Every structure is written in structure tokens, then in C-alpha cells.
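The next block holds one structure in the form of C-alpha cells; read it before the comments.
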Amino acid sequence: MQNFNCLLITDDIDSIEVFSHALKDTGINHTLYLSATPSAGLQKAQRIKPDCILMSELLLPDTDVKALSEYTPLLCIACSDNIEEPALSNFGSLTTVKINSAMARDLMGLLPEHNPIKQSIASKIVFNAAFLDLVIESIPNYVFVKDTQFRIVRANQQFLSLYPENYRDQVIGSTTIEDYDPAEAQEFLAKDREAFTCGYSETVEKIQFPNGELRTLFTQKKRFTDEHAQDYILGICTDVTEREDLIKKLTKSNQDLERFAYSASHDLKSPLNAIKNLVGWIEEDHFEQLPEGAKDSFKLIKSRSIRMARLLDDLLAYSRVQKRLEDEEWALVDDIIHSAFSVIDSSEKFSLKITGPKLQLPRVAFQIVAMNLLGNAIKHHHKNSGVINIEIKAQSNGHQISFIDDGPGIPIAYSKKIFEMFQTLQSRDVVEGSGMGLALVKKVLDYYEGHVTLNEHHEGGAKFDVLWPKRAKIK
């Protein structure tokens with residue numbers, strides 16, 4: 001709170017002592033400056049620019065009131081307690097106050113509206129019991145206050161509605177666990193003790209209330225001390241029953257989908273592998289005996305079976321990517337990129353250059369990103385060789401890692417479509433692929449709250465800008 005500066009101009013020791021104690025009684029941060037004469041007071045006012053100047057009525061005839069008023073928004077005449085009420089009018093338009101505790105409080109109310117001291121006092125006045133009752137009753141959560149004996153001493157109607165009507169009058173003053181088994185009661189009160197000891201506690205718990213409802217509540221408890229130095233805890237409960245039920249359903253659904261993806265992939269790959277083996281045997285033993293038209297069809301069967309196997313592998317990888325990302329092993333980006341580059345088909349015909357700071361990222365996650373972006377740059381290149389540049393730049397909101405190739409580029413019209421599942425820009429008979437590579441990249445970046453975009457301003461190839469969030473580490 002801003003300090004309240006007051007200048008008192010008087011040569012009366014008793015008045016100084018009385019007013020000094022009066023200001024302390026207000027509880028407001030203040031500094032009291034003293035001057036024995038008007039001329040000394042004027043010099044001090046020029047220096048400190050006080051919020052208020054009080055001047056003894058005995059000094060008024062010798063005081064330049066106009067000069068003093070230039071340095072404060074509030075100039076008052078400080079009168080002794082023994083001055084008669086009618087005599088106060090002798091000071092004209094100047095505000096007159098008596099030097100006592102009540103006067104000191106009244107003085108605060110005379111300050112201009114913009115003064116921070118007055119605003120702070122006004123805010124204290126607003127928060128009376130009626131206002132607090134209105135706030136508590138307006139909160140849609142369950143709100144209660146407990147004393148050190150764990151008895152409920154205040155609760156809003158939302159909280160009381162959890163109990164049958166004939167029991168609600170008994171809630172205030174009770175712990176509401178009188179009918180619990182002692183062991184259960186102690187477990188129930190554990191978070192109350194934690195809040196009183198540590199100042200705060202929170203928990204998610206299932207509670208069956210007297211009205212028969214079983215609800216899941218997220219409860220926060222915070223200790224506070226009232227004006228009588230008594231400790232209490234304020235509890236706010238949020239009903240998360242529907243949220244917790246939904247989380248369980250989603251978790252089960254995700255588990256079912258993962259099992260289905262694995263089962264479907266495994267069950268489909270078995271007959272597919274058998275087909276590939278049969279095709280291989282026929283090709284090895286009888287290919288030359290087939291008519292020319294049949295040979296073309298036979299090659300098509302072989303390429304389709306390979307494509308199907310790759311699609312199943314990519315589908316399984318996509319369905320399990322989040323589980324794989326739980327691996328938080330960190331590694332240098334340079335090492336991850338070189339490792340991914342070395343296992344990509346035809347990578348030996350391309351040169352790779354990495355520039356920028358030595359950045360560390362989660363190994364598995366960035367490996368998925370690098371494998372797909374590097375693989376696309378090589379697979380879709382219009383020449384048998386080329387150059388791939390990786391540029392790493394630190395930004396305010398993360399780290400940008402750009403994958404830049406000198407291939408044919410990608411039309412801007414497809415800048416969003418390419419990140420959708422099963423999307424390819426060329427026929428799969430021309431360039432083999434499942435159309436899931438960039439979808440995998442996007443899913444990884446979504447998991448880490450980053451993003452990947454096709455740079456619309458780059459010319460002479462494709463440039464993918466990957467933004468990895470700030471929690472990545474610079475070595």
C-alpha cells in the first residue's frame with residue numbers, strides 16, 4: 001500500500017502526541033512530518049509534497065494559506081479538543097478537524113477520490129459481512145469454512161443442498177463425519193490437517209453424501225486467520241464427477257483403439273505376408289513363363305502388397321505415437337538427424353548440412369519428425385541427388401528447425417492438405433507412400449504443443465518450418 005504523508009504544523013507538544021497516536025490507530029501506513037512554524041512548514045511542504053497538511057488554529061493569523069495549499073490536495077485547520085463547535089466556523093472555507101482518533105479516520109475520508117489511500121479504505125469498507133455472504137452464495141461451487149476442531153462454521157446453500165432438508169440445520173457446528181467409521185473419519189480429515197499445517201491442500205475424492213449421491217469432488221483447502229487471530233480453513237469443492245467419468249471412458253476408448261489397431265495390423269499382416277511370399281515364389285519359379293500382360297499385372301500385385309504392408313505399419317505407428325512419445329530420453333538434434341538420414345533409402349546420393357545452435361530434444365519424438373521430413377525430401381526429389389539443409393534458430397516462443405531441400409517444391413494450394421492422413425500429391429504408382437508421413441509429424445508436434453508449416457515464401461524447393469516449444473534445451 002502507498003504510504004500516507006502528513007505534515008502537522010504546530011508548536012504544541014500535547015497536540016503532536018495526540019495526533020501521532022491517532023494516526024497509528026487507523027492502521028494505515030503513514031509518515032508524520034512536523035514543523036513548529038508556518039515558514040518552516042512551507043519549506044518542508046515544498047520538499048515532501050504531503051498528502052495532507054494540518055495547521056494549528058493558533059498559527060492561522062500568521063500563515064500564508066494560499067502558499068501552503070499549492071503543495072497538497074487537502075489543507076485542514078487542526079483544532080484542540082477544547083474548542084467550542086460554534087468557533088469552528090471562524091476559519092471560513094477551510095476544513096476544520098479536531099485532533100483525536102476519530103478525526104484521524106475522518107481525515108482519510110476527505111482525501112480526493114484518486115488518492116490510493118482512500119481507495120484502499122473504501123475497499124475495506126465494501127467487504128462487509130453482507131457483501132461476503134453475497135460472494136459466497138454466488139459461487140457455483142461447494143464452499144465451506146472449518147475451525148481447528150474441523151467443525152463447519154460457514155457453508156453456502158450449494159454445499160448445504162448436498163444434505164437432506166431435515167439435516168441441513170445440523171451441518172453448521174458439526175464435522176459432518178460423526179456417523180463415519182473412526183478409521184474412515186481420520187482418513188477423511190487428513191487433508192484438513194494438511195491444510196492447517198501447511199497452509200494448503202488439495203485432493204480428488206469420491207464421497208457419498210447423506211442424500212445418497214456418490215460424487216467425485218476436487219477439493220482445495222486454504223488456511224486463513226481472522227481478525228481475532230483464530231485459524232480456519234476455507235474449502236472450495238468442484239464437482240468433477242462427469243469429467244472423471246469422461247476421462248475414464250476416453251482412456252478405455254483409447255486402450256480399445258490401440259488394441260484394435262495392433263490386432264488389425266497383426267491379423268491383416270499375416271495373410272498379407274503369405275500373399276507376398278506366394279508372389280515371390282511364383283516370381284522366382286514361373287515369372288518368365290507368364291505372358292507379357294500377365295507380367296505387368298503380376299508386378300502390380302507385388303507393388304500393391306508392399307504398399308499395403310507399409311500402410312499397415314504406418315497406421316500402427318500413428319495409433320501408438322503418443323505412447324511412444326512417453327520416452328523422454330533427450331539427444332542432440334544433430335545426432336538424431338544423422339542417425340535418421342543414414343537409414344533412409346538413397347540418402348547416400350544426397351548431402352546434408354546442419355547449421356545453428358546445439359539443441360537437445362526428446363529422441364524418439366524428433367526422430368519421427370526427422371525420418372518423415374528427410375524421407376519426403378529424398379523420395380519426392382525430381383533428381384537422383386540433391387542437398388538438404390537443416391537450419392536451427394532460437395526464437396522467443398521456442399526453437400525453429402527448418403528442413404530445406406532443392407527439389408521441385410510443393411504448390412501453396414496444398415500447404416494444409418499435405419498434413420492430412422492418406423494425402424499424396426503424386427499417384428502411388430509413381431511414388432510409393434501411405435500419405436501418413438506428414439500427418440505423423442503434425443501429431444508429434446501437436447503432442448508437444450508446437451507446430452509444423454510449409455513455408456509459403458521459400459523458392460527453389462520445399463521448406464518445412466518446425467517450431468518446437470521452449471521446454472527444449474540448448475546445450
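Bear in mind that the values here come from a model prediction, so they are computed numbers and not experimental data.
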**Item:** Option among S342, S347, S346 that satisfies the side chain to side chain contact (heavy atoms under 4.5 Å, CB included) test with I344
**Value:** S347

Report, one line per pair, each donor and acceptor closer than 3.5 Å where one atom sits in a side chain of residues 331-341; sequence neighbours left out.
unit_1: D334; atom_1: OD2; unit_2: K358; atom_2: NZ; d: 3.0

**Message:** Main chain of I233, side chain of R223: is a donor-acceptor contact present, judged purely on distance under 3.5 Å?
**Reply:** no

**Spatial distance of atom CD1 (I275) from atom CG (N277) [nearest 0.5 Å]** = 10.0 Å

**Residues E420 and K443 bridged, charged N to O under 4.0 Å** = no

**Message:** Within the structure provided, determine whether N397 and P469 are in side-chain contact (heavy-atom separation under 4.5 Å).
**Reply:** no

Using atom types as modelled, flag every donor-acceptor pair under 3.5 Å from a side chain in residues 453-466 to any protein atom, sequence neighbours excluded.
unit_1: N455; atom_1: OD1; unit_2: H457; atom_2: N; d: 2.9
unit_1: N455; atom_1: OD1; unit_2: H458; atom_2: N; d: 3.2
unit_1: N455; atom_1: ND2; unit_2: D465; atom_2: OD2; d: 2.8
unit_1: D465; atom_1: OD1; unit_2: S402; atom_2: OG; d: 2.6

**Asked** Just by distance, with hydrogens left out, do E202 and Y200 show a side-chain donor and acceptor under 3.5 Å apart?
**Response** yes

**Request:** Among L438, L445, D446, find the residue that satisfies the side chain to side chain contact (heavy atoms under 4.5 Å, CB included) test when tested with K442.
**Result:** D446

**Request:** Using modelled atom types only, decide if a donor and an acceptor are shared between the side chain of R154 and the backbone of F144 within a distance under 3.5 Å.
**Result:** no

**Pair D245 + K249, salt bridge at N-O below 4.0 Å** = no

**Message:** Between E242 and R215 (salt bridge meaning N to carboxylate O under 4.0 Å), is one present in this structure?
**Reply:** yes

**Asked** Angle class for the F350/H381 ring planes (parallel below 30°, perpendicular above 60°, tilted otherwise)?
**Response** perpendicular

**Request:** Kindly indicate whether the side chain of Q230, heavy atoms from C-beta on, has any atom under 4.5 Å from the side chain of T225.
**Result:** no

**Asked** Using 30° and 60° as the class limits, which term best fits the ring planes of F224 and Y232: parallel, tilted or perpendicular?
**Response** parallel

**Request:** Supply the atom-to-atom distance N141 CG to F159 CZ, rounded to the nearest 0.5 angstrom.
**Result:** 12.5 Å

**Message:** I'd like to know whether NZ of K383 has more than 12 heavy-atom contacts from other residues, nucleotides or ligands below 6.0 angstrom.
**Reply:** no

**Message:** Nearest 0.5 Å, please: how far is CD in E244 from CG in L217?
**Reply:** 10.5 Å

**Asked** When rounded to the nearest 0.5 angstrom, what is the spacing between CG in N384 and NZ in K349?
**Response** 5.0 Å

